[in-house]
There are 2 protein chains.
Amino acid sequence: MTTRIQRRNRRKILDAALDVFSAQGFRGATLDQIAAVAGLSKPNLLYYFDSKETMHRALLDNLLDVWLAPLHALDPQGDPTAEIMGYMRRKLEMSRDYPRESRLFANEVLQGAPRLSDAIAGDLKALVDDKAAVIRGWSAAGRLAPVDPYHLIFSIWALTQHYADFDAQIRLIRGETDPLDGADAFLETLFTRLLTP
Amino acid sequence: MTTRIQRRNRRKILDAALDVFSAQGFRGATLDQIAAVAGLSKPNLLYYFDSKETMHRALLDNLLDVWLAPLHALDPQGDPTAEIMGYMRRKLEMSRDYPRESRLFANEVLQGAPRLSDAIAGDLKALVDDKAAVIRGWSAAGRLAPVDPYHLIFSIWALTQHYADFDAQIRLIRGETDPLDGADAFLETLFTRLLTP
DNA sequence: AATAACCTTGACTGATTGGTCAGGTCTGCT
DNA sequence: AGCAGACCTGACCAATCAGTCAAGGTTATT
């Protein structure tokens, strides 16, 4: 049974941990930093989570569901172009709304996905293989321009996540302009032209 | 004056440091790891480089020239589509040939570009602004489809670097297939369709 | 072969880090 | 009010880390 205080503190800790892990990576983050951001003492963090590792695990487990949802929603019965454009739009929204989650994921994969390889080789691969087959079918039926479905999916990941993961770089180059300003219109054009038979 | 031994050991150290920094990030890397990969003792590393920081600096300074070169080569006098496609191809080759450098850069930017902000806001921004103006001119002259030049450049970065930075993820999903297999053909199609007026 | 400069290392240090623990405080319930 | 269990903390520990240093080994040059 979980108390009110437990819920509040667990949430505060995971939120602070997401802040720090996504900005510093797992090894770069320290419990002292997380404790400071959460406004709790270090031993108190360890009262709620057994270890730094456990904290990180909790974030990753939570992340994967959220991360897979947009692709999951791609409907084999829908209109091919509309479905893929919709997926791209949802992923772009995720970069806008959950940049920390995107960076947490990027940090992990960049370092060889040591804690995510099971999930990627399992659930994610199965989902991608499934949707890739759907897209391949659409192309074969002439409802979509012929296109490698894997590279299409990778390109959506690359383009949308780039705005969250490389935010620092984009800000430095664009100055005052909001990094995502014009991104949706650009990606709309890019994928419309690619997908129209 | 630099001796033969100095040249050899400095190169061994920087190569080992690139291995470790690109795989673990700055804070995640340890001098012991770098020493082990280089086949030298830790105090010997510090005989050649004042500090861990200095080692990292040397890699970043070296990296930036290599990283800017492909964009620098984009010729305002050339054929618009061919120039942009050529840039994209060069960047993709860099992901194939220098994946460690790509990941070193990604790690740095992902963590807010603390050691690169000057270079990005300076040289890189100036170069991008310059080439963006060229591309805008091409579009205005009707020699290229109308396209936001900044997002075009960002999209080339995102798509090409993705294959180096997210290599672990792509491998887990594609299995035996070489991550870059088919990537060049896909990107060729994607950008041809986007750029043709 | 002598020597001066260069190269290398084992043993060390102080700082930081993840994690522990004994004991104290607060909260909700009767 | 009083009590049981949940919550919290200062002080501490062992491990790891970047970096130092004195002493010994190697190299090139004469």
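Each chain gets a letter, A, B and so on, in the order its sequence line appears, and its residues count up from 1. Being a predicted model, the structure only gives us computed values, none of them experimental. Below, all heavy atoms of this structure are taken into account, side chains as well, without hydrogens, waters or symmetry copies.
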**Message:** Does dC6(C) have its OP1 or OP2 closer than 4.0 Å to a side-chain nitrogen or oxygen of Gln6(B)?
**Reply:** no

**Request:** Nearest whole angstrom, please: distance from the C1' of dG18(C) to the CD1 of Ile34(A).
**Result:** 11 Å

**Message:** Categorize Phe49(B) for me: base, sugar-phosphate, or nothing, with a 4.0 angstrom heavy-atom threshold over every strand shown.
**Reply:** nothing

**Request:** Could you tell me whether the phosphate oxygens of dC7(D), OP1 or OP2, come under 4.0 Å of any side-chain nitrogen or oxygen in Thr3(A)?
**Result:** yes

**Asked** Given Asp167(A) and Arg171(A), is the salt bridge (charged side-chain N to carboxylate O under 4.0 Å, His left out) satisfied, shown in steps?
**Response** CA-CA 6 Å; Asp167(A) 179 74; Arg171(A) 275 179 201 282; 2.7 Å; yes

**Which residues share a ring pair (Phe, Tyr, Trp, His ring centres under 6.0 Å) with Phe166(B), sequence neighbours left out** = His162(B)

**Fill in**
side-chain hydrogen bond (donor to acceptor under 3.5 Å, both in side chains) pairs touching residues 84-94 of chain A, sequence neighbours excluded, are Tyr87(A)-Trp157(A), Arg89(A)-Glu188(A)

**Request:** Whole angstrom is fine here: how far is it from OH in Tyr47(A) over to P in dG24(C)?
**Result:** 18 Å

Name each donor-acceptor pair under 3.5 Å that joins a side chain in residues 39-47 of chain A to protein atoms two or more places apart or in another chain, with its distance.
unit_1, atom_1, unit_2, atom_2, d
Ser41(A), OG, Asn44(A), N, 3.3

**Prompt:** Can you give one letter per nucleotide of nucleotides 14-30 of chain D, 5' to 3': B if a protein heavy atom sits under 4.0 Å from the base, S if only from the sugar-phosphate, - if neither?
**Reply:** ---SBBBB------S--

Show which side-chain atoms of residues 63-73 of chain B pair as donor or acceptor with protein atoms under 3.5 Å away, not counting sequence neighbours.
none

**Item:** Leu40(A) CG to dC26(C) C1', straight-line distance once rounded to whole Å
**Value:** 15 Å

**Item:** Nearest-angstrom distance from the residue atom CG of Leu45(A) to P of dG10(D)
**Value:** 14 Å

**Message:** Nearest whole Å is fine: how far is dG19(C) P from Asn44(A) CG?
**Reply:** 15 Å

**Request:** May I ask you to verify if any side-chain N or O of Asn9(A) is less than 4.0 angstrom from the OP1 or OP2 atom of dA6(D)?
**Result:** no

**Asked** Rounded to the Å, how far apart are Gln33(A) CD and dG18(C) C1'?
**Response** 13 Å

**Request:** Could you pull out all residues at least two apart from Asp178(B) that satisfy salt bridge (charged side-chain N to carboxylate O under 4.0 Å, His left out)?
**Result:** none

